[in-house]
Amino acid sequence: LRVVRTGMGPRRSERAAARLATEPAGAFAVAGVCGALRDDCEPGDLIVASALLGPAGERIEVDASALVAALERAGLPVHEGVIASVAQPANGGRRAELARTGARAVDMESFWLARAAAGRPFAVLRVVTDGPRHELWRPGIVPRGIKALRRLRAAAPVLVAWAAASGARSEPEASEVHQARAAILQPL
């Protein structure tokens, strides 16, 4: 397993995706934080992308079912839904506008990092730090952020197992070592 810190925002994500597209990995996953767009997600809840929405309305479908099921079996609070990727943090009116697209969460990297998968199994796992009732730039962000990162740490073994299993299924002719190899792209 290789964890790559890609940095925050579209530019860093595009550069990282171009570099990683030829990485010898059987599967790719993006893991990090996000903002909820609806009130049914609390800080610390996990969101697995069923699709990624780009800033101009582009859409990338993502198979979330195996990862969602594994997180549920682990007893973690998980939601499946569309994640919108934007260039700037989304608060207030922008958050409400993105919610009207049907997206459940917002981040600043996943859409651009998806290119790194280059046809291999791909997943996006985000943890909520803020939302409509818990705006990003409020004093409570520090304890919410700590809670969120602890939850992401608790989900890490499930994500690693997903990556190993998905990588193995995608390359049946590969060696066992290569089959278990995956890359986790972490925007933090």
Problem - Donor-acceptor contact below 3.5 Å, side chain Arg120 vs main chain Ala21 - result: yes
Exercise for the section: Taking the side chain as every heavy atom from C-beta outward, state whether Val86 and Arg94 have any pair of such atoms under 4.5 Å apart. Expected result: yes
Exercise for the section: Please test Leu71 against Leu125 for side-chain contact (heavy atoms from CB on, under 4.5 Å), starting from the C-alpha separation and ending with a verdict. Expected result: CA-CA 10 Å; Leu71 291 164; Leu125 174 63; 3.8 Å; yes
Exercise for the section: Answer yes or no: is there a donor N or O on one side and an acceptor on the other, between the side chain of Glu109 and the main chain of Gly9, under 3.5 Å? Expected result: yes
Practice task
Answer whether the closest heavy-atom distance between the side chains of Arg12 and Thr6 falls below 4.5 Å.
Solution key: no
Exercise for the section: List the steps, then state whether side-chain contact (heavy atoms from CB on, under 4.5 Å) holds for Asp40 with Arg104. Expected result: CA-CA 9 Å; Asp40 64 345; Arg104 178 170 232 138; 2.6 Å; yes
Handout entry: Pair Glu42 + Lys147: basic N to acidic O under 4.0 Å
Key = no
Handout entry: Any Glu23 side-chain heavy atom under 4.5 Å of Val4 side chain
Key = no
Practice task
Could you tell me whether the side chain of Leu149 reaches within less than 4.5 Å of the side chain of Thr129, counting heavy atoms only?
Solution key: no
Problem - pair Phe122-Val30: side-chain heavy atoms closer than 4.5 Å - result: yes
Handout entry: Separation between CG of Leu152 and CG of Leu159, rounded to the nearest 0.5 Å
Key = 8.0 Å
Handout entry: Heavy-atom donor-acceptor pair, Arg126 side chain to Gly35 backbone, under 3.5 Å
Key = no
Practice task
May I ask you to test the Val128-Cys34 pair for a side-chain heavy-atom distance under 4.5 Å?
Solution key: yes
Handout entry: Passing option when Val82 is tested against Leu53, Ile47, Leu37 for side chain to side chain contact (heavy atoms under 4.5 Å, CB included)
Key = Leu53
Handout entry: Glu14 and Arg11 ion-paired at < 4.0 Å
Key = no
